[in-house]
Amino acid sequence: MKKIIYLDNAATTKVAPEVVEAMLPYFTEYYGNPSSVYELAGISKKAVTEGREKVASVIGANPNDIYFTAGGSESDNWALKATYEAYKSKGNHIITTKIEHHAILHTCEWLEKQGAKITYIDVDENGVVDLDQLQKAITPETILISVMAANNEIGTLQPIKEIGAIAKEHGILFHTDAVQAFGQIPINVDECHIDMLSSSGHKINGPKGIGCLYIRKGLKLRSFVHGGAQERKRRAGTENVPGIVGYGVAAERALRTMEERTAKEIEVRDYMIKKIQEEIPYCKLNGHPTMRLPNNVNFSFQFIEGESLLIMLDMAGICASSGSACTSGSLDPSHVLLAIGLPHEIAHGSLRLTLSEETTKEDADFVVEQIKGIVERLRSMSPLYEDFMKKQNK
Ligand SMILES: *Cc1c(COP(=O)(O)O)cnc(C)c1O
């Protein structure tokens, strides 16, 4: 394969070599089922326990409150559906936001069909949730607030500590989809009064198909997958031992390298943002200028289609996204970009670049050069742009 510059780390990440290395023996040598009684199984069981401890330490949780799942989507589904089922006799109202991942939004739509009442809170032009609106939305029927810790498209960080405090004050459960934030920014489940938190291995240089739901001790959530007694009878199925080992090492690595890695990413991110703003006219940075994920760059370019830009970037060996990886096949612009108030035509011209610790300023120079050339070419074919320029020159 030709050399690529991979700038789609919000969609998935490369598995770190130390993660692969740690996983390998659990495919070939230590393949025992953790539930069996012999010594070989004990090795697997110990590996699962260690993975749980490593994942828990990233968010300051008790390892016993970590439940392994098949990833972020399952964790989000579980948190919302099981909370509704367990607490609907108390109330049927859930508060979330307009910019959640589809794993939350589509689960909410399904819950509405089951009788739940959902309030979708607005965000401001930077993508920050309106805390005033959130406070006002609370009713005696409200059982759950679910707000993501960081947005996967525009990178905006949410004030989850404040939201947790509000939830606690009103005796409401608080869930956060922290799939993008986990291991990228410090999060402590106690300080933020988080009752449930979703995380996923493949977003932190770990394997795909493994994640967890943190469930604070004392919550009455039922099992989401029925069967064996794994995960303290809350999530049946033989444990994904190699996955858990890899996820654990990835979590430990993310925590260990967080400060240095994110400082480096922020430097390249801000360099890239500045360069795009200086070199490409009629563009707009989406998301909060400072309260954003260390690796997220999201721009709208007027008078172009994001999809065309993506295809032409791919031809130059650059992997990027026009919004969320899940929107492919749909012509609707991203719900997140609409929620921050972008008109449809501008939202359509959007590009998300999510860096890794390996992304250099030289990469940034090359990528911005490519974007600049492609945007110029696409605009030169746009009748809208032609009209606009004629008006400008009058
Ligand atoms: C990727 C992602 C998910 C889904 O996680 P999977 O492990 O791919 O199921 C959920 N929420 C957010 C914010 C994400 O970025």
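As the structure lists them, so they are numbered: ligands from 1, and atoms in each ligand from 1.
At under 3.5 Å, not a single nitrogen or oxygen of Asn152, backbone or side chain, sits near a nitrogen or oxygen of ligand 1. Considering backbone and side-chain atoms together, Val179 places no N or O closer than 3.5 Å to any N or O of ligand 1. Distances between N or O atoms of Glu74 and those of ligand 1 include no value under 3.5 Å.
Counting only N and O atoms by type, the side chains of Lys14 and Ser356 include no donor and acceptor under 3.5 Å apart. Counted by atom type alone, Tyr247 and Ser199 present one or more donor-acceptor pairs between their side chains at under 3.5 Å.
Given atom 14 (C) of ligand 1, the protein heavy atom at minimum distance is Lys203 NZ, 3.0 Å. Considering only non-hydrogen protein atoms, atom 11 (N) of ligand 1 sits nearest to Asp177 OD2, 2.7 Å. Summary of contacts: the protein heavy atom closest to atom 3 (C) of ligand 1 is His101 NE2, 3.5 Å.
Across Ala150, Gly72, Ala103, Ser198, heavy-atom proximity to atom 6 (P) of ligand 1 is greatest for Gly72.
Between Trp78 and Tyr67, the angle of the ring planes goes over 60°, which puts this pair in the perpendicular group of the 30/60° scheme. Between His335 and His102, the angle of the ring planes lies from 30° to 60°, which puts this pair in the tilted group.
Counting the atoms of ligand 1 from 1 in the order shown, those under 4.0 Å from a heavy atom of Gly71 are 7 (O). For ligand 1, the atoms sitting less than 4.0 Å from at least one non-hydrogen atom of Ser73 are 4 (C), 5 (O), 6 (P), 9 (O), numbered in the order shown with element in parentheses.
Between Arg52 and Glu239 there is no salt bridge, since no side-chain nitrogen of the basic residue lies less than 4.0 Å from a carboxylate oxygen of the acidic one.
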